[in-house]
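Order of the sequence lines fixes the chain letters, A, B, ..., with proteins taken first and strands second; residue numbering starts at 1 for each chain.
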2 protein chains.
Amino acid sequence: MADDQARRPRGPRGNYAKTAARRQAIIDAATEVFGESGYRAGSMREIADRCGLSEAGLLHHFPTKAVLLENVLSLGGELDAHIRDHPPESGILLLRGMVALARRNVAVPGRMEMITTLIAEAQRPDHPAHQYFRDRLRMIADHFGIAFARIAADGLLRDDLTAEQAARIAMSAMLGLERLATAEWADFDHADELRRTFGLLLKSGTLPD
Amino acid sequence: MADDQARRPRGPRGNYAKTAARRQAIIDAATEVFGESGYRAGSMREIADRCGLSEAGLLHHFPTKAVLLENVLSLGGELDAHIRDHPPESGILLLRGMVALARRNVAVPGRMEMITTLIAEAQRPDHPAHQYFRDRLRMIADHFGIAFARIAADGLLRDDLTAEQAARIAMSAMLGLERLATAEWADFDHADELRRTFGLLLKSGTLPD
DNA sequence: GTCTATATAGCGATAGAC
DNA sequence: GTCTATCGCTATATAGAC
């Protein structure tokens, strides 16, 4: 595998594919470990062990622990980017997008646990992921705010709620389900439950699937 | 402690008040530190420093870090005991009790942060507080289950929801608001927002205050 | 690119003086 | 009841051999 790559006259030199695969394996292991133990308590040794690597070998790919965390989070950012880069044309569509996002997040093994664990830990201003989660929460809040402002303008919101109240309730539901999802006995369909909650906020009583 | 008890026939001897005050100061500091850094990352040194005590001096009052955590949590248990020991006669009253509990929890400075932080950390089965938070979540789930079963039986539940669905939504709302409460820009009345959410689940649309 | 060996630092906890 | 001093452990990160 390495020899094929080395013989090519142009393009990347070393065996990049192998390195990329190794990096991905490290990121996957780090997601697991950070999810189980958090950032600070999760050790580089544990991550290295799960990749069949020594600690120093791991540090060759990611020079510090904080850099590794950044890479783990930016992977998650690709999911979040879906919200950021796709401003939907209607509030209802945005709610549906949130349900879809929740569905995808639960599907990635260990991801929910990692997010829950890191969010709590990152409350500290000096935590490497503090700013990231601050921005993420703010972004989610803004999007719900926009969604319900439009829904209210379209006359689809329940009469006894303001757009701000509805946005806060919707956001609490999403955050709460994230936490409930980590309980092993909570074996219901989280995304569907979120859809049902959103429906309660509308005049019609349901959010179309 | 055993020696003191053996020697004195009745009534307290030494300056017990001073010791009790010191213990309380330690618990307050530990609540802060565990809330900011979590149990594992939060150090006994940091806690000792905030009390103006040396590390060894702190360990005189609480022999190990785990024992200190137990004492910090059992303080919170006094709040939780309110739910456990006061089975209300109606589902509506139970919901009102939950709103009141939320109101009290937010009022204790640093308590919400500590709970959020420790819950995430205690996902690991080997964490000293794992069982405690497992039981706590289970207890909350059970109480919501009972509450909405009664509400449904009384014909007060929305027609398009089952009691189980309503209980899950209510619980998610409570957990989500706990997390939202730690965001510094979320300066709304969390307990009132919870009351509003509960109202959405009822046929009447509102939960009486 | 991966290893062994090591530097450096912080942790919880103990021993014993005062 | 509180201190200083210290032990034993684990952590991140570096240096240099292969």
Task: Contact list for DNA chain C against residues 114-130 of chain B - heavy-atom distance below 4.0 Å - done: none
TODO: Using a cut-off of strictly less than 4.0 Å between a heavy atom of the residue and any atom of DNA chain C, enumerate the qualifying residues of residues 58-65 of chain A by number.
DONE: A:His60, A:His61
Open item on the list: Taking B:Leu207's backbone N and O only, do any of them form a donor-acceptor pair with B:Arg195's side chain (distance below 3.5 Å, no angle check)?
Closed with: yes
Task: Donor-acceptor contact present, side-chain A:Glu121 to main-chain B:Thr117, <3.5 Å - done: no
Task: Divergence of helical axes at both termini of the helix from C:dG1-D:dC18 to C:dC18-D:dG1 - five pairs an end, 10° steps - done: 0°
- [ ] Report yes if the side chains of A:Leu200 and B:Leu161 come closer than 4.5 Å at any heavy-atom pair, otherwise no.
- [x] yes
Task: Contact under 4.0 Å: A:Ser54 side-chain N or O vs C:dT2 OP1/OP2 - done: no
Open item on the list: Less than 4.0 angstrom between a side-chain N/O of B:Arg45 and OP1 or OP2 of C:dG12, yes or no?
Closed with: no
Without decimals, in angstroms, what is the distance between [X] [atom1] and [N] [atom2]?
| X | N | atom1 | atom2 | result |
| --- | --- | --- | --- | --- |
| B:Phe34 | C:dC11 | CZ | C1' | 13 Å |
| B:Leu68 | C:dA13 | CG | C1' | 14 Å |
| A:Glu55 | D:dA15 | CD | C1' | 14 Å |
| A:Glu46 | D:dT12 | CD | C1' | 15 Å |
| A:Met44 | C:dA9 | CE | C1' | 17 Å |
| A:Arg23 | C:dT2 | CZ | P | 12 Å |
| B:Ile26 | D:dG1 | CD1 | P | 11 Å |

Open item on the list: Closer than 4.0 angstrom, basic N to acidic O: yes or no for A:Asp189 and A:Arg103?
Closed with: yes
- [ ] Identify which nucleotide among C:dG1, D:dT2, C:dA13 has an atom closest to any side-chain atom of A:Thr19, counting heavy atoms from C-beta outward.
- [x] C:dG1
Please produce a list of atom pairs where a protein N or O lies less than 3.5 Å from an N or O of nucleotides 16-18 of chain D.
none

Open item on the list: How long is the straight-line distance from CG of A:Leu175 back to CD1 of A:Ile115, given to the nearest 0.5 Å?
Closed with: 11.0 Å
Open item on the list: Could you walk me through whether A:His190 and A:Phe188 satisfy the ring pair (Phe, Tyr, Trp, His ring centres under 6.0 Å) test, starting with their C-alpha distance in whole Å, then the side-chain angles of each, then the deciding distance to 0.1 Å, before giving a yes or no?
Closed with: CA-CA 6 Å; A:His190 303 89; A:Phe188 54 91; 4.6 Å; yes
Throw together a table of side-chain donor-acceptor distances under 3.5 angstrom for residues 52-62 of chain A, partners on residues two or more places apart or in other chains.
residue: A:Ser54; atom: OG; partner: A:Ala56; partner atom: N; Å: 3.4
residue: A:Ser54; atom: OG; partner: A:Gly57; partner atom: N; Å: 3.0
residue: A:Glu55; atom: OE1; partner: A:Arg45; partner atom: NH2; Å: 3.3

Task: Any pair counted as ring-ring contact (aromatic ring centres under 6.0 Å, His included), so long as it reaches residues 18-50 of chain B, sequence neighbours left out - done: B:Phe34-B:Tyr39, B:Tyr39-B:His127
Open item on the list: Students often get this wrong, so: under 4.0 angstrom with heavy atoms, is A:Arg22 touching a base, only sugar-phosphate, or nothing?
Closed with: sugar-phosphate
